[in-house]
Amino acid sequence: MGVSGVEERYNFHQIEEQARKRWAEGEIYRVPDFSERPKYYCLEMFPYPSGKLHMGHVRNYAIGDVVARFKTMRGYDVLHPMGWDAFGLPAENAAIKHGVPPAEWTWNNIAAMREQLKLLGVSYDWSREVATCHPGYYRWTQWLFLLFYKHGLAYKRKAPVNWCPSCATVLANEQVVAGECERCKTEVQRKELEQWFFKITDYADRLLQDLNKLPGWPDKVKMMQENWIGRSSGGEIEFPIVGREDQITVFTTRPDTLFGVTYMVLAPEHPLVPSLTSPERWPEVEQFIQRARSLSELDRTVGEAEKEGLLLGSYCLNPLTGEEVPIMIANYVLLEYGTGCVMGVPAHDQRDFEFARKYHLPIRVVIQPKGEALDSDTMAEAYPGEGYLVNSGSFNGLKKREAIPAINAYLNEQGLGRAKVAYRLRDWLISRQRYWGAPIPIVYCDHCGAVPVPDEDLPVLLPENVSFKPTGQSPLVEAPEFVHTKCPSCGGAARRETDTMDTFMCSSWYYFRYTSPRNENGPWDLDKVDRWMAVDQYIGGVEHAILHLMYSRFFTKVLFDLKLTKVEEPFTNLLTQGMVLKDGTKMSKSKGNVVSPEEILNRYGADTTRLFVLFAAPPERDLEWSDQGVEGCFRFLTRVWRLVTPLAGTVAKAPTVAPEGLVGVNREMRRLTHLTIKKVTEDVETRFNFNTAISAIMEMVNGMYHYSARVAEPDQEPAVRREAVENLIRLLAPFAPFMADELWGRTGHTGSVHKEAWPEYRPDLLVEDQATVVVQVNGKVRDRIVVSAQASDEAVKQMAMEQSRVQSLLEGKTVVKVVVVPKKLVNIVVK
RNA sequence: GCCGAAGUGGCGGAACUGGCAGACGCACUGGACUCAAAAUCCAGCGGGGUAACACCCGUGGGGGUUCGACUCCCCCCUUCGGCACCA
């Protein structure tokens, strides 16, 4: 690395513009559908086209791009596509506010964001771009809806649903966070509405079980899905109703406490309630039901809501004892879980305990813990733990663990119950009362009922010239030419479904579509999906841990069952990247701490911007924005520029193969080059620790500067220099693709560095001939010695003991033990 | 309440399998270059202590295992995230 002459400034504007042009003209990021090379599918969560890239996007796409570029250099065909999650409320709200039609607003935003992504230099195959709001895309979203419908996985029913008054639409359970709309934080209300659902509960167990097949997912995300699915195993038990032929079926996880039941309690909305209420109690009961209905989910479930209940005046029989048990309703029982009723076992369930104390219901102990005597009169709280059955007839003496299967088996024999699993997960509500979404392709006919739109009539197009004002009904209701149609079955007058689909439907299958983005004969080409799926690496924010990621898993399992894919899980490896923070908190307009990518790109260029977000923290951790940190990355790139550009000409002419048996600084320089290749390769490939990979490259650059400072130019081995420079450029390529490509050209290469092979290191060149060994006495570092790499443990030990520092510490003591770790340390233990 | 993750200099972070704590970067300090500044280059940079060494302390706190612990085990504290009347 020689003395530079006239320095040329690092003009990133020019470099990046020229590279963008070259890349576009050469179509270097286009990936073939099929080839001999192994495939790798690298995917980042596609964005909502808000019109502006934010730092979170920059981070997400920079991470994905490193993976994609690295894998390409490693010899894979990398599918790395981009698209737009383009339906949704903001477009409609913008339309209402500014009078621009949602379609126009959305397409303009897409154009703007596409340009920003191109500025960032992400290696997308733009020929595969998809937008969920394009009729050529949502045609297949509708097709998939009908596929689900035909297989009994889509159904319409009246149910209590979550209603967001601000968004003027219903929400899925997953979109309600702590009783609030996850989008706008408005408290959700409960409404009884007839809505479309997807039967995700049919897949609850597989969604749970198959989490085990995802070792490449973060435990955190798997845990969140596990919590959300909320599997509990127990049994269903029949309690005959006194004076009637029918019975109440109850779900419980504790069949072992069946002898401790002292009351039965139903959800207020339970269908049996009216017939179980005695006439004189009805007015009071009806009032109670009304009150429970009107309360929001939030009021009813969050916090220390007081438990309230009422006797209905009827009784059922404990199936094991024949004992009469009063039937009640209570606000703490949820209609949608289990069977909508609870057997009250106050001695062993805290909620039942509180309820029983309040209403003076009897408490009966049926589980006795070892070495303790529970007394129903004096106990201060329920005992839910382990113990032996008492007051339980022939089951007395069994352990809780043994009693559960024993009682289940007995009930099963008698036809009084059966083992059963319950889930917290509810079916996915997919109807939305808004305009900017894929219309649900169903027609209602007075004669034929709900009729699916025939496949050949898809897409059901969204009408234009519609008023978007949210009224609580879909704006499509106000579009007569849309609503009025013919029944596909009988040809008579009929009307269309006016609700649109949850946008999470559109995003549940887009990764399939990328494999065949323009296919018109089906949602995708099976051969292409088979080649590319599953996604090898998926990257995005953890906020989708449940919503998008669980829906996508559900879709994939349905598609697998219907033979439309051979994979059962869509995403083999998942990386959830951390947030970008400023001043310790999430960037937001209201806090005024937003850093605009546009501005940073303009001031420092894409390479610096990318480098900073990759260097400042490992990908899965939150990243604190630092203007000075960006400055530092810019400085580093400038340093690379000043190092390489003056050498470009001589590097191009130098021999490509370095001589063997080098000594001194030339040998050390080679060693550093190969050490860095090893470190960067391992950090990127096995750990995704881009921050440490970049610091290794920085150390290499520092080493190259030292090399040139310490070695007169004639003594530098040209081949060593060439090897260092070329590998530096290759290693830098995934992180700073523009500068790397520019320098690659300048050092005499004709093609793009992004078509180059990733460098390999030579293990034999990593070997050092000397090692610094730490000398400890009783575990404390007291000295260091330099030893030959070949020195025996015994020799190293001898040498360590001879050090004067060590000698003085050994004086008057006895050496108990000496531990030698080759090439690392000697620990002398003395007494 | 239940489940999970994380706590390391002034800051972002590193230490991968138990082996020199603080790589790399930022900030800061001193020096070189300059009329001067910026840029750049060189050096220093956990705390105490010393003229300089020595030495002592130090990875949220307390205990333990080990020749040796940021790393393993037990208890506790703090912060963040998920679930939360789910029978």
Side-chain angles (χ1 to χ4, degrees), chain A residues 7 177-178 218-228 230-232 234 250-254 257 265 267 300-307 330-334 336-345 348-352 354-355 422-426 542-543 545-546 581 611-612 615-618 620-633 635-636 638-639 642 679 682-683 686-687 689 691-699 701-702 705 709 772-784 805 808 816-830:
Chain A
E7 274 183 18
V177 177
D219 291 340
K220 179 169 78 164
V221 173
K222 288 190 273 190
M223 198 73 68
M224 283 164 76
Q225 293 207 358
E226 202 178 311
N227 280 340
W228 189 261
R231 180 186 203 270
S232 17
V250 72
F251 173 78
T252 178
T253 54
R254 296 292 304 274
T257 62
V265 57
R300 189 149 159 204
T301 59
V302 168
E304 299 297 300
E306 183 71 12
K307 287 174 184 44
N331 60 353
Y332 75 92
V333 181
L334 305 171
E336 298 279 307
Y337 184 77
T339 59
C341 44
V342 175
M343 60 181 215
V345 186
H348 304 293
D349 181 281
Q350 187 58 24
R351 290 157 308 188
D352 297 347
E354 285 165 28
F355 191 74
Y423 298 92
R424 212 192 67 99
L425 180 72
R426 313 281 161 83
V542 76
E543 65 274 15
I546 294 168
L581 311 177
L611 201 67
F612 172 73
F615 177 62
E620 64 281 359
R621 235 194 278 186
D622 286 350
L623 180 153
E624 174 70 25
W625 183 264
S626 157
D627 289 328
Q628 284 160 333
V630 177
E631 201 79 48
C633 289
R635 238 181 343 244
F636 167 70
T638 309
R639 213 165 128 77
R642 288 199 323 266
K679 170 80 177 154
E682 286 170 0
D683 281 355
T686 63
R687 308 198 304 163
N689 280 9
N691 55 331
T692 51
I694 292 167
S695 60
I697 298 173
M698 287 172 168
E699 285 181 82
V701 169
N702 290 343
Y705 268 98
T772 302
V773 169
V774 168
V775 182
Q776 297 183 333
V777 176
N778 284 346
K780 288 190 177 173
V781 180
R782 297 299 179 182
D783 211 342
R784 295 185 167 78
R805 192 85 138 278
S808 64
V816 183
K817 186 178 182 179
V818 180
V819 181
V820 180
V821 181
K823 292 185 209 172
K824 285 234 168 93
L825 113 177
V826 177
N827 188 12
I828 302 160
V829 187
V830 298

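Just so we're on the same page: letters track the sequence lines, and every chain starts at 1.
- When heavy atoms are screened at a 4.0 angstrom cut-off, A/Asp349 is found touching no nucleic acid atom at all.
- Between A/Arg782 and B/C20 there is no side-chain N or O to OP1 or OP2 distance below 4.0 Å.
- A donor-acceptor pair shorter than 3.5 Å can be found between the side chains of A/Arg639 and A/Asn702.
- The side chain of A/Arg635 contributes an N or O atom lying less than 4.0 Å from OP1 or OP2 of B/C26.
- The same atom, P, is picked in B/C70 and in B/U17; the two are 16 Å apart, to the nearest Å.
- At a threshold of 4.0 angstrom between heavy atoms, the contacts of A/Val829 are confined to the sugar-phosphate backbone, with no base atom among them.
- Contact annotation for A/Ser232: backbone-only contact, meaning every heavy-atom pair under 4.0 Å involves sugar-phosphate atoms and none involves a base.
- As rounded to whole Å, 6 Å separates atom C1' of B/C24 from atom CD of A/Glu699.
- One P atom belongs to B/G62, the other to B/C67, and the distance between them is 23 Å to the nearest Å.
- Neither OP1 nor OP2 of B/G12 sits under 4.0 Å from any side-chain N or O of A/Asn691.
- In this structure, A/Arg805 and A/Asp783 approach most closely via the heavy-atom pair CB-OD2, 3.8 Å.
- As judged by a 4.0 angstrom heavy-atom cut-off over every strand, A/Asn702 is placed among residues touching the sugar-phosphate backbone only.
- B/A6 and B/A14 have their P atoms separated by 12 Å, with the value rounded to a whole Å.
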